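In what follows, a single structure is set out as structure tokens and then discussed.
Fair warning: this is a prediction, and the values are worked out from it, not measured in the lab.
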Amino acid sequence: MSKLTLGEIGERAAIASIIAAAPSSINGDDAAVLAAPAPNSRTVATTDVLVEGRHFRLDWSSPENIGEKAIVQNFADIEAMGARPIAALLGLAAPADTSVEIAAGIAHGIQKRASLYNAELIGGDLTESDCLVVSVTALGILGGSQPPLTLDAARPGQHLVAAGRIGYSAAGLALLQACGTDYPQGLAELVQAHRVPELNPGRGVIARAAGATSMTDNSDGLIVDLSHLAANSRVMINLFSKEIAPDTLLMEAGKFLGEDPWKWVLCGGEDHTLLATTAKEAPSGFRTIGSVYRGRGVTVDGAAPKYQSGWVSF
């Protein structure tokens, strides 16, 4: 493995190594030119920033893991609108002594995860900073005349449905915080869920086509994110405890760490599970986990949640 750093090879060579790790025929100019979208479609854009020591650690995750995670959290926001991700831009700020392999590894992870959507890294920026910062801007296409799946369209009488696991990323983080990389191998799936959360491509588009009315993703915590949806829609959301109860793996991790796994389910973010409301049956890949009522807030089996905290940026 090369020991060269970004400072030693310089900006141009560093950018070339990133492009080589995530090749695109439209990357490399002052700006990328995308093909015109199909008629009756709209462009969707979002961005997220990951800071070393706050959102990831290189002793816990590989550079490729970090790149994949950056795409998952951005593409989840695109999917949550009912749109299809098509491209990503990377802003990378790093100390001059950062290994070239770290930058290239992040780009390779971005390409690996984006390729599952037939999307690609189309450009970005590279600069020196005091710490490693990964910023991804994602672009998507919202097709057809149906409205996007915003936070303000849940209605009483609808179902709450979910696509993805809940609590796994938080449990994986708890294991890493307690054990570092010396965690029980039987719980490795939880750790990997924190390093690279799972997001099944296309579920947001499917939900919108199947008649979903609103959607968000579990990024800051189940109760926190559903509270935002409930507040914007001016409704109450009641979760069914039996449908979100910790599974065997979460229970095992809770026993090992001496923690209540319900806290990971209710408060843990970064699973990027899609959470939608619909008056119809659960769309393909989704399961019903609650109902929407008149009122305000979020309950579990009609009572206040046992845990209600979540991720906050400040």
Side-chain angles (χ1 to χ4, degrees), residues 4-34 43-58 60-81 83-117 119-141 195-197 199 217 219-220 269-270 272 311 313-314:
L4 290 175
T5 67
L6 296 178
E8 289 171 337
I9 68 170
E11 180 182 4
R12 292 297 178 184
I15 291 173
S17 70
I18 291 173
I19 293 175
S24 168
S25 61
I26 59 175
N27 191 358
D29 216 311
D30 291 322
V33 180
L34 299 174
T43 300
V44 181
T46 187
T47 190
D48 265 311
V49 178
L50 287 81
V51 179
E52 183 178 11
R54 182 162 178 80
H55 301 100
F56 66 86
R57 284 176 48 167
L58 284 167
W60 288 353
S61 300
S62 70
E64 184 175 291
N65 289 159
I66 296 163
E68 288 191 78
K69 185 173 185 175
I71 284 295
V72 168
Q73 67 182 52
N74 277 276
F75 280 13
D77 286 338
I78 298 290
E79 290 248 25
M81 302 301 291
R84 176 175 63 88
I86 59 170
L89 296 159
L90 169 65
L92 185 65
D97 61 359
T98 300
S99 167
V100 175
E101 276 71 23
I102 290 177
I106 291 171
H108 185 263
I110 288 173
Q111 179 71 6
K112 178 180 177 181
R113 187 59 52 163
S115 67
L116 298 178
Y117 292 82
E120 57 188 4
L121 183 64
I122 60 171
D125 191 27
L126 175 68
T127 190
E128 184 178 354
S129 69
D130 294 332
C131 67
L132 183 59
V133 178
V134 180
S135 177
V136 167
T137 296
L139 302 174
I141 292 294
R195 288 171 172 157
V196 183
L199 181 66
D217 73 297
S219 56
D220 295 330
E270 292 194 331
H272 299 294
W311 171 263
S313 293
F314 293 95

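Contact detail for Leu6 and Ala94: the closest heavy-atom pair is CD1-CB, 3.8 Å. The shortest non-hydrogen separation linking Gly124 to Leu89 is N-CD2, 4.1 Å. Ala21 and Ala104 make their closest contact through CB-O, 3.3 Å (heavy atoms, listed as atom of the first residue, atom of the second, distance). Summarising the geometry of Phe75 relative to Ala114, their closest heavy-atom pair is CE2-CA, 4.0 Å, with the distance given to 0.1 Å. Across all their heavy atoms, Cys131 and Pro95 have their closest contact at C-CD, 3.7 Å. For the residue pair Ala119 and Ala87, the shortest heavy atom distance occurs at CB-N, 3.8 Å.
The closest side-chain heavy-atom distance from Asp217 to Asp77 is below 4.5 Å. You'll find the side chain of Tyr117 reaches within 4.5 Å of the side chain of Leu199, heavy atoms only. The shortest side-chain heavy-atom distance between Ile86 and Ile78 does not fall under the 4.5 Å cut-off. Considering only heavy atoms from C-beta on, Leu90 comes within 4.5 Å of Val134 through its side chain. At a threshold of 4.5 Å between non-hydrogen side-chain atoms, the residues Thr137 and Asn74 do not count as touching. Side-chain contact between Val44 and Leu139 is absent, with no heavy atoms from C-beta onward closer than 4.5 Å. The shortest side-chain heavy-atom distance between Ile141 and Thr43 falls under the 4.5 Å cut-off. At a threshold of 4.5 Å between non-hydrogen side-chain atoms, the residues Val196 and Arg113 count as touching.
Atom CD1 of Ile15 and atom CG of Asp125 lie 7.0 Å apart (nearest 0.5 Å). From Asp220, atom CG reaches atom CD of Glu270 across 8.5 Å, with rounding to the nearest 0.5 Å. Taken to the nearest 0.5 Å, the CD atom of Gln73 stands 9.0 Å off from the OG1 atom of Thr46. Residue Ile26 holds its CD1 atom at 5.0 Å from CD1 of Ile122, rounded to the nearest 0.5 Å. Here the CD-OG distance, from Gln111 to Ser24, works out to 7.5 Å after rounding to the nearest 0.5 Å. Taken to the nearest 0.5 Å, the CD1 atom of Ile106 stands 10.5 Å off from the CG atom of Asn65.
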Go through the steps for Ser219 and His272 under the test side-chain contact (heavy atoms from CB on, under 4.5 Å), then give the verdict. CA-CA 5 Å; Ser219 56; His272 299 294; 3.7 Å; yes

Determine, stepwise, if the pair Thr98 / Thr5 fulfils side-chain contact (heavy atoms from CB on, under 4.5 Å).
-> CA-CA 5 Å; Thr98 300; Thr5 67; 6.0 Å; no

message = Before you tell me yes or no, could you show the steps for Val136 and Asp48 under side-chain contact (heavy atoms from CB on, under 4.5 Å), namely the whole-Å CA-CA distance, both residues' side-chain angles and the distance that decides it to 0.1 Å?
response = CA-CA 6 Å; Val136 167; Asp48 265 311; over 6 Å; no

Let me see the working for Thr47 and Ser135 under side-chain contact (heavy atoms from CB on, under 4.5 Å), right down to the final yes or no.
-> CA-CA 7 Å; Thr47 190; Ser135 177; 3.9 Å; yes

Check step by step if salt bridge (charged side-chain N to carboxylate O under 4.0 Å, His left out) holds for Glu52 and Arg57. CA-CA 6 Å; Glu52 183 178 11; Arg57 284 176 48 167; over 6 Å; no

Give the C-alpha distance, both sets of side-chain angles, the deciding distance and a yes or no for salt bridge (charged side-chain N to carboxylate O under 4.0 Å, His left out) between Arg84 and Glu79.
CA-CA 6 Å; Arg84 176 175 63 88; Glu79 290 248 25; over 6 Å; no

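Asp130 CG: 12 or fewer foreign heavy atoms inside a 6.0 Å radius.
When atom types are taken as modelled, the side chain of Ser115 and the backbone of Lys112 share a donor-acceptor pair closer than 3.5 angstrom. When atom types are taken as modelled, the side chain of His55 and the backbone of Val51 share a donor-acceptor pair closer than 3.5 angstrom.
Between Glu68 and Arg195 there is no salt bridge, since none of the side-chain N atoms of the basic residue sits less than 4.0 Å from a carboxylate O of the acidic one.
In this structure, a donor-acceptor pair under 3.5 Å is absent between the side chains of Ser62 and Glu64.
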